[in-house]
Amino acid sequence: MHTNYEVAVINYPLMDPRIKPADHRAYMQLDYTSADPWDVPIYIHIPFCESLCKFCVYSRQIPDSEKLLDSYVQALKKEISLYAKTPYIRSLRHRAVFIGGGTPTVLSGAQLADIIATLKNSLPLKNPEITVECNISNTDEEKLQMLCEAGVTRISTGVQTFNQKLRYTLGLRHTVNTIFRWINTVKKYPFRDLSIDLLFGLPGQTIKEFEQDLHTALSLPIDHISVYKLAVFAYVKLYKELETGNVPALPEETQLFEMFSAAQELLQGNHYILESAQEYCIPDHNTKFWQLTYDGYGDNLSFGASSFGYVNGISYQNIIDPADYIRTANEGTLPIHMVSHKITPQQLMERAMALGFRKGSVSKTTFNEQFDIQPEDKFGDTLQKLQQQEYILNGKTKYTLTPLGQYYQGNVSASFMQSAFENISPLKKKMAVGMHIIPEALQNEKAESDE
Ligand code: SF4
């Protein structure tokens with residue numbers, strides 16, 4: 001029986017909300033320069049949506065005024081400038097930007113262009129790949145043109161499914177024909193890539209229906225497809241509808257695995273390349289942002305309320321509530337909610353393995369160059385167990401996830417977080433990974449949220 005981590009392993013080391021630095025800039029040692037050779041991705045979070053999808057687990061709000069959005073953009077610019085003033089951040093090699101959410105396109109074209117211009121003016125960004133996640137409902141042709149002129153190179157949108165019946169079940173607003181028309185409009189502009197998200201494991205979805213979604217995606221001029229399994233958490237509206245039987249039941253685990261395998265076979269059989277456990281792209285259209293985010297070695301800089309980052313050996317999450325985030329940034333203070341301890345030499349290796357497998361493989365050469373030890377000499381037992389479980393393959397130059405390992409990628413990555421999980425029950429592990437905090441702090445966090 002597998003312990004299924006329904007959560008994405010996105011960062012390591014895990015954080016400890018009990019650490020309360022008086023000065024985050026000093027705690028992260030941002031007054032020194034970095035000698036790191038790694039290119040760095042920048043993530044910008046816009047935690048607002050026009051309406052809330054009934055399956056969504058992400059932290060987002062419906063903005064109650066234009067003024068709030070405007071204040072949020074000003075706070076983001078302030079946060080960027082606070083980091084950009086530090087020698088450490090200025091010495092990094094920033095190469096890819098991803099503006100995600102939420103729904104970044106709740107902002108106007110001018111506001112998004114303003115954020116991009118601030119990044120370009122304050123950080124040493126060289127020919128960056130710039131992605132903006134767009135919602136069809138608030139991204140018209142005029143906004144697309146402004147994004148193109150601002151230097152955006154990738155457009156990404158969450159289609160979820162092309163099946164009209166399932167779109168209705170999920171409460172998705174647009175018809176399939178609207179999506180097709182919008183894709184045609186995007187293709188009028190010279191964006192390098194168009195990316196879509198598809199979900200599988202929807203209520204009542206059959207394998208045939210999911211395969212039809214994949215065939216439809218393959219018939220469109222799309223460069224990148226992310227395929228995610230729907231995870232229904234107890235606090236989302238869809239959970240209640242499933243409980244009361246208002247919507248058909250979710251597919252069984254065996255069907256889910258069949259859907260996952262169908263995506264692998266169909267997409268790879270039609271010239272798409274597997275970019276990570278969940279991402280596929282056509283040749284030469286790899287996403288720099290995802291590659292850098294999960295390289296397992298370099299920093300991940302992030303801005304915006306509730307976003308997660310990793311800078312100079314410290315994982316951090318920003319303040320979650322947008323109003324608190326805006327106030328703190330305007331006070332001239334880094335708007336951080338919680339941090340980890342400084343990463344230890346052991347955790348650096350654990351991070352390389354955990355994030356490397358998030359991307360799909362771990363290069364033995366890079367690991368050895370970095371740490372002067374082979375992965376099998378450090379993690380021999382774990383690697384052997386994962387091979388026995390048929391989750392990974394031991395190749396000449398790298399360890400690679402098998403199709404089964406891709407399906408259980410969360411388990412594979414979490415099995416390397418060893419210094420965080422010594423003598424910890426599987427349930428506690430799952431909670432800790434889901435909340436991004438060390439198991440010892442879980443009790444505290446619960447007590448604080450109960451107050
Ligand atoms: S648009 Fe995306 S982020 Fe916003 S509620 Fe829907 S799924 Fe969640």
Side-chain angles (χ1 to χ4, degrees), residues 6-8 10 43-65 68-69 72-73 76 98-108 111-112 115 131-140 143-144 147 154-164 166-176 178-179 182-183 186 194-203 205 213 217 224-242 247 250 278-279 289-290 293 302-308 317-318 320-322 325 434 436:
E6 291 267 10
V7 286
I10 58 167
Y43 177 72
I44 297 200
H45 191 61
I46 312 296
F48 303 106
C49 293
E50 268 182 352
S51 58
L52 305 184
C53 299
K54 56 179 160 180
F55 55 89
C56 185
V57 295
Y58 297 110
S59 155
R60 69 276 185 256
Q61 283 193 353
I62 298 173
D64 52 14
S65 67
L68 174 65
L69 293 181
Y72 188 77
V73 172
L76 258 179
F98 193 105
I99 306 183
T103 306
T105 45
V106 294
L107 301 179
S108 67
Q111 285 170 321
L112 288 164
I115 294 167
T131 305
V132 176
E133 277 185 338
C134 297
N135 191 306
I136 293 174
S137 66
N138 48 28
T139 312
D140 59 12
K143 196 175 279 186
L144 284 168
L147 294 179
R154 288 183 84 247
I155 294 290
S156 170
T157 194
V159 167
Q160 324 307 5
T161 174
F162 292 105
N163 180 302
Q164 199 53 59
L166 292 169
R167 293 188 67 78
Y168 182 76
T169 305
L170 287 184
L172 296 167
R173 284 197 276 166
H174 298 288
T175 64
V176 179
T178 312
I179 298 171
W182 188 80
I183 288 175
V186 175
L194 171 59
S195 168
I196 65 163
D197 295 350
L198 287 180
L199 284 175
F200 69 94
L202 308 179
Q205 187 181 35
D213 269 354
H224 183 276
I225 304 176
S226 301
V227 181
Y228 300 112
K229 182 169 80 172
L230 176 71
V232 184
F233 288 86
Y235 49 85
V236 303
K237 196 172 162 201
L238 185 61
Y239 185 88
K240 285 191 197 74
E241 293 186 4
L242 284 162
V247 296
L250 296 174
Q278 295 150 325
E279 321 271 343
F289 178 82
W290 293 121
T293 299
S302 79
F303 303 115
S306 74
S307 64
F308 293 91
Q317 184 187 17
N318 270 352
I320 295 165
D321 178 59
Y325 164 83
H436 315 281

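Atoms within a ligand are numbered from 1 in the order they appear, just like the ligands themselves.
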Test applied, side-chain contact (heavy atoms from CB on, under 4.5 Å); reference residue, Asn138; option that passes from Asp140, Ile136, Asn135
Asn135
Please identify which atoms of ligand 1 are closer than 4.0 Å to at least one heavy atom of Thr103.
1 (S), 4 (Fe)
Take Ser226 and Glu279 through the side-chain hydrogen bond (donor to acceptor under 3.5 Å, both in side chains) test and state the conclusion after the steps.
CA-CA 4 Å; Ser226 301; Glu279 321 271 343; 2.7 Å; yes
To which of Gly101, Gly158, Gly102 does the heavy atom nearest atom 2 (Fe) of ligand 1 belong?
Gly102
Any donor-acceptor N or O pair under 3.5 Å, side chains Thr161, Asp213
yes
Measuring to atom 4 (Fe) of ligand 1, does Cys49 have an N/O/S atom at a distance below 2.8 Å?
yes
Tell me which one of Cys53, Gly171, Pro47, Cys56 gets a heavy atom nearest to atom 6 (Fe) of ligand 1.
Cys53
Please name all residues satisfying side chain to side chain donor-acceptor pair (under 3.5 Å) with Thr157, sequence neighbours left out, ordered by chain then number.
none
